[in-house]
Amino acid sequence: MFSFSARALRWMQTMTFAIREINQRSDLLPALRLGFHIRDSCNEVPVSLKASLLLVNGQPGPPAIRNGSLEAVGEHSGMGDLISLGSRSPVLGCGDVTRSPSPVIIGDASSGVSMALLRSLGPFQIPLVSYFASCSCLSEQTEFPMFMRTMPSDAFQVRALARLVSHFGWTWVGVIGLESDYARFAVQLFLQESSLYGVCAAYVHLYPVVLSQQPLDELLDIIQGSSSKVIINFCSESEVQSIMRAIRQRNITGIQWIAGEAWATAKSLWDEFGDLLSGTLGFGIRRAEEIPGLKQHLSRLRPSNIQDSAFLTELWEETLNCRLNGSVNTHSHMVNHLDRKPCSGMEDLNDVYSAFSDVSQLRVSYNVYKAVYLVAHALQRMSDCEAGQGPFVNGTCGNPQSLEPWQLFHYMKNTQFSILGENVDFDRNGDPIASYDLMNWRREQDGSLRLLKVGFYDASLSPELSLVVNESAIQWPVGQQAVRGGQQQHRVTPVVRANNMELSFFLLLFLATCFLIGLLFIGEPSDWLCRIRYPAFGISFALCISCLLAKTVVVLMAFRATLPGSGVMKWFGSNQQRASVILCTLLQGLICIIWLLTYPPFTNSNTGYLRNTIIIECATGSEVGFWCVLSYIGLLACLCFFMAFLARELPDNFNEAKFITFSMLIFFAVWITFIPVYVSTAGKYTVAVHIFAILASAYGLLFCIFAPKCYIIIFKPAKNSKKNMMRK
């Protein structure tokens, strides 16, 4: 397992390889050689500011140039986050060279440090190209006009994550992250983007950089107290380690982790937490094809050429955990090399090479590689510029022999090139067009980790095609076959809210009552059962039709309210809607009360239908009362049908008129058929016809009104978004 500094050293080795490769090419910058200088930022703002000022002020120092090519780098080791890069004239001799001020800096890896550098370097107009800073805040060109990166902005990552959780129907997710600029902006963007897909946050929690026991307990209390089992975590792997240890202590299992890009491919977490992280999904920056020659370059490391470079010495000592004799690595901010045992000289070099053995997975190293080539191609464009046709005043071109940083940056912003089969392009904010691999953490039979690509996200494609997922290849968390969602709490999704959520819930409740009413028609009749049966039937259907009528009127009034000067909606708000349902139902209740007080239903022994059989049945008592109840329901249905007809031309996404129309047609068909059949039958067949009419009309209302919504919510979640609802 390698420390963060060792990985940063690996990135810097990729930098030296890329520069060596460019300097040896005859088709790219044939008349120029690239020079460079490395400074350690230690991932700390004060150190990085000091290092950057030394670079832009042109302080003297290495690199050494031997036989016209670059052989060694830097006077500083450690993180190796800041690299100044510029052009030199062809070198024929040997020896040290005094540096001119750096025209471009490649770094920093951290978003926070990059922001501090950009604010400090503003007066110098020095371009900064980061290979790992992903905060979307850095895309703000008015604040950071000299910034570019080969790392995609978090804005793209967040869109990918929102599409991912929507794809699996995870509408109830936990969102946590480190208290940092990176996580704050990422969480804010995710909440905005995910709301368009109907995804809700069960909780949002940012934890401090120093995860002591108290903030860990607070975080785990939130996780355990929530019904959501899907958690998105925006942090680095060091914070994941602390969280996983605490989760193991509490024996929390069954969580579907969604990794932020910063730890989506962090294999070092597997040895200790593989049982907890199996099934994790996350987007990793695009995996490069194997960089030709990189492995051979890395394998040239020998003790004889390592001891002279603090940069390579630290790589050697960090990897083998020993101290080289005569080492120049004496940085106090790193682990003191004197605490290590001396290297015996018998160490296996393969232990070092293994740090770079899987070069096809060195995703950040590939970003470093692209950053170097970005500068090289910009210099090539500057070299190819013809006088009088340049982009600057009077058609002038930049001069590669005496670089002006702002001129170089202009060419960088407008540079396109291909590298290892990938077309590299940048938007107006200096961000690369994002492409991510969807990675799944899989446990192999021997217990080892396999990071398997199970899909991808390509921001250059249309929204419908940008995300591709191979669900059959995904390994889910231990003990779960296919995690599809957390809590399915869809009531706040756009498709529900746009069609009057409260009245929809009332309608569902009253329809459930209608289905239960059918039970009152089963069994041996009694006087009290007969007196409950018919009023319950009339009132329950009056409630349902009243809700539909109110929903239709609300749609009509809402769109009329958009006319200039209209204040109609103040007369039909939530309270008025509830009042209209209650009023319409009270009228039906009044009819039932009058019926019950004058000539109520009663139990009747019918011997006129079959001579030798006594049929115990419920007589309606007052036939006028019974038909008044049916007629009032029919009146409400006719009003509802008429209102739905008036609303037929309104926008589809906010309009249930056509579904209400269909439901009323079914309702009319059922009850028009019911009347002659009811009149012509007797005994148990009368009861069967009545139950059939109740169930058929209730099912008609249920399916016509709610089936379209359920279809969108379950099978077309991408359409369940505010953006889609507003489209029409």
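- Pairs of residues two or more places apart, or lying in two chains, that qualify as salt bridge (Lys or Arg N to Asp or Glu O under 4.0 Å) and include a residue from residues 184-206 are Glu179-Arg184, Asp181-Arg184.
- Qualifying ring-ring contact (aromatic ring centres under 6.0 Å, His included) partners for Phe17, counting only residues two or more places apart in sequence or in other chains: His297.
- Put simply, the side chain of Pro127 does not reach to within 4.5 Å of the side chain of Ile105, judged on heavy atoms.
- The shortest distance between side-chain heavy atoms of Glu261 and Ile285 falls below 4.5 Å.
- In this structure Ser212 satisfies the side chain to side chain donor-acceptor pair (under 3.5 Å) test with no other residue, sequence neighbours excluded.
- Taking every heavy atom of both residues into account, Trp172 and Ser228 meet most closely at O-OG, 2.8 Å.
- Side-chain contact between Phe234 and Ile176: absent, with no pair of heavy atoms (C-beta onward) separated by less than 4.5 Å.
- In this structure a side-chain-to-backbone donor-acceptor pair under 3.5 Å is present from Ser111 to Ser134.
- For Tyr373, the ring-ring contact (aromatic ring centres under 6.0 Å, His included) partners two or more places apart in sequence, or in a different chain, are Tyr369.
- No side-chain N or O of Gln141 forms a donor-acceptor pair with one of Asn429 less than 3.5 Å apart.
- With a 4.5 Å cut-off on side-chain heavy atoms, Gln380 and Thr415 do not count as touching.
- Distance check, rounded to the nearest 0.5 Å: CG of Leu117 to CE of Met115 gives 10.5 Å.
- Residue pairs meeting the disulfide bond (SG atoms under 2.5 Å apart) criterion with at least one member in residues 132-171, sequence neighbours excluded: Cys135-Cys137.
- Taking the side chain to side chain donor-acceptor pair (under 3.5 Å) definition, one finds that Thr150 meets it with nothing, sequence neighbours left out.
- No donor-acceptor pair closer than 3.5 Å links the side chain of Ser242 to the backbone N or O of Leu211.
- Remark: the backbone N or O of Met439 is not paired with any side-chain donor or acceptor of Asp437 at under 3.5 angstrom.
- The ring-ring contact (aromatic ring centres under 6.0 Å, His included) search around His377 returns Phe417, not counting sequence neighbours.
- With no hydrogens or angles considered, a side-chain donor-acceptor pair links Gln157 and Asp154 at under 3.5 Å.
- Remark: Gln192 pairs with no residue by the side chain to side chain donor-acceptor pair (under 3.5 Å) rule, at least two apart or across chains.
- Inspection of the Asp108 and Tyr131 side chains reveals no N or O donor paired with an N or O acceptor under 3.5 Å.
- A pairwise comparison of heavy atoms in Tyr366 and Ile419 identifies OH-O, 3.5 Å as the closest pair.
- Scanning both residues, Leu34 and Ala376, for their nearest heavy atoms gives CD1-CB, 4.4 Å.
- Put simply, CZ on Arg159 and OH on Tyr436 are 9.5 Å apart, with the number rounded to the nearest 0.5 Å.
- Here the straight-line distance linking atom CG of Leu281 with atom CZ of Phe168 works out to 6.0 Å at 0.5 Å rounding.
- Contact record, Ala133 with Leu138: CB-CD1, 3.8 Å, taken as the closest heavy-atom pair.
- Between the side chains of Ser236 and Trp263, no donor-acceptor pair of N or O atoms lies under 3.5 Å.
- Qualifying side chain to side chain donor-acceptor pair (under 3.5 Å) partners for Asn440, counting only residues two or more places apart in sequence or in other chains: none.
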**OP:** Check the pair Arg428, Lys413 against side chain to side chain contact (heavy atoms under 4.5 Å, CB included), reporting the backbone distance first and the verdict last.
**Re:** CA-CA 8 Å; Arg428 59 185 179 87; Lys413 285 290 290 286; 5.9 Å; no

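- The closest donor-acceptor contact from the side chain of Ser120 to the backbone of Ala116 lies under 3.5 Å.
- A side-chain donor-acceptor contact under 3.5 Å links Asn423 and Ser418.
- Heavy-atom minimum distance, Ile255 versus Pro477: O-CG, 3.7 Å.
- Side chain of Ser466 to main chain of Pro463: a donor-acceptor pair is present (N/O by atom type, distance under 3.5 Å, no hydrogens or angles).
- With salt bridges taken as basic N to acidic carboxylate O contacts below 4.0 Å, one links Arg248 and Asp275.
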Original post:
Would Gln224 and Arg250 count as a side chain to side chain donor-acceptor pair (under 3.5 Å) if you check the C-alpha gap in whole Å, the side-chain angles of each, and the deciding distance to 0.1 Å?
Top reply: CA-CA 10 Å; Gln224 284 187 301; Arg250 290 208 188 183; 2.6 Å; yes

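- A donor-acceptor pair is defined here as one N or O able to donate and one able to accept, closer than 3.5 Å; no such pair exists between the side chain of Trp476 and the backbone of Gln256.
- Under the rule for a side-chain contact (heavy atoms from CB on, under 4.5 Å), the partners of Ser194 that lie at least two apart in sequence or sit in another chain are Ala162, Phe190, Val199.
- Considering all non-hydrogen atoms of both residues, Leu220 and Ile247 come closest at CD2-N, 3.8 Å.
- With sequence neighbours excluded, the residues that form a ring-ring contact (aromatic ring centres under 6.0 Å, His included) with Tyr411 are Phe392.
- In this structure, the side chain of Asp427 engages the main chain of Gly430 through a donor-acceptor pair within 3.5 Å.
- Around the CD atom of Gln214, the shell of radius 6.0 Å holds no more than 12 heavy atoms that belong to other residues, nucleotides or ligands.
- Panel note: side chain Ser114, backbone Ser110; a donor-acceptor pair is recorded below 3.5 Å.
- For Asn251 and Thr253, the side-chain atoms include no donor-acceptor pair closer than 3.5 Å.
- Side-chain contact between Asn414 and Phe426 is absent, with no heavy-atom pair separated by less than 4.5 Å.
- Using a distance-only test at 3.5 Å, with no hydrogens or angles considered, no donor-acceptor pair links the side chain of Lys370 to the main chain of Val424.
- Checking Ser278 against Arg442 by side-chain atom types alone, no donor-acceptor pair falls below 3.5 Å.
- Ser462 pairs by the side-chain contact (heavy atoms from CB on, under 4.5 Å) definition with Glu464, Leu465, not counting sequence neighbours.
- Only one option out of Met244, Arg245, Glu239 pairs with Gln241 in a side chain to side chain contact (heavy atoms under 4.5 Å, CB included); it is Arg245.
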